[in-house]
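When a ligand or atom number is given, it counts from 1 through the structure's own listing order.
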Amino acid sequence: MRNLRHVRTVRAVRRNVAIVAVGFAALLVGGVALPAYAQATALPAYVAPKLQSLAVSAALPLPVISRDTYSVTVPPPLQWPVDPGSPISDGFGPRIAPCAGCSSYHEGVDFDPGYGATVHAIAAGVVVETNNPGYSALGIHVAIEHVIDGQTIVSAYGHMQVGSMKLKVGDIVHAGQPIGLVGSTGASTGAHLHFEIRQGGTTPIDPLVWMHAHLG
Ligand SMILES: [Zn+2]
């Protein structure tokens, strides 16, 4: 939008310059060659068609500019929440609960990109769950609902730092949007991102399998 506004501003300036130039020319002509009564009647008839043609041409290039802007800024529709090369400290599935309050069936995958690493939304969607500021085993977390390949999917991100996650239910999130920082809030034994994929919005499935299948 900044580019569009800029173009409009430039055009407005040019238009004003043109009006001033026309007026100045008319004054010169009137002052030198025409009697006073002829100057008063000639000026409006000359200026009107000039404004008309400028207004029409200004509208034409806008769709081209907005299309260029879109192609430059569009993010990948699906991406990893943190660097996929990060160590993985715990995979999906049954496990021995690593702490009091930790579950014995791990409903996500734990990435260890380091304390304070930025967590990104994997795709565009709508926030459907967050504990902020109440307590949850997932700590400071957010869940985002997406429609991907025609299916409803919820992605969830847990244990983020206090104060780093500012989303609330109903917020619109775009693909790749920073949503918080890796922390160790809730039932957690160290800084990591707990990442879930819930098929149909409710059934946790292995996030690594799902992500690899959809990222190609
Ligand atoms: Zn976990």
- Val109, Met211: one ILVMFWY side-chain cluster at the under-4.5 Å cut-off? yes
- Item | the Zn ion (ligand 1) reached by His159 (N, O or S, under 2.8 Å) | no
- Could you confirm whether His192 has any N/O/S atom lying under 2.8 Å from the Zn ion (ligand 1)? no
- Message: Quick check against the 3.5 Å criterion: does Gln161 have a side-chain atom that pairs as donor or acceptor with the backbone of Val182?
- Response: yes
- Heavy atoms, side chains only, cut-off 4.5 Å: are Asp112 and Ser86 in contact? no
- Message: Taking His192's backbone N and O only, do any of them form a donor-acceptor pair with His159's side chain (distance below 3.5 Å, no angle check)?
- Response: no
- Message: Counting backbone and side-chain atoms alike, is an N, O or S atom of Asp110 positioned under 2.8 Å from the Zn ion (ligand 1)?
- Response: yes
- Of all the N, O or S atoms in His194, the one nearest to the Zn ion (ligand 1) is ND1
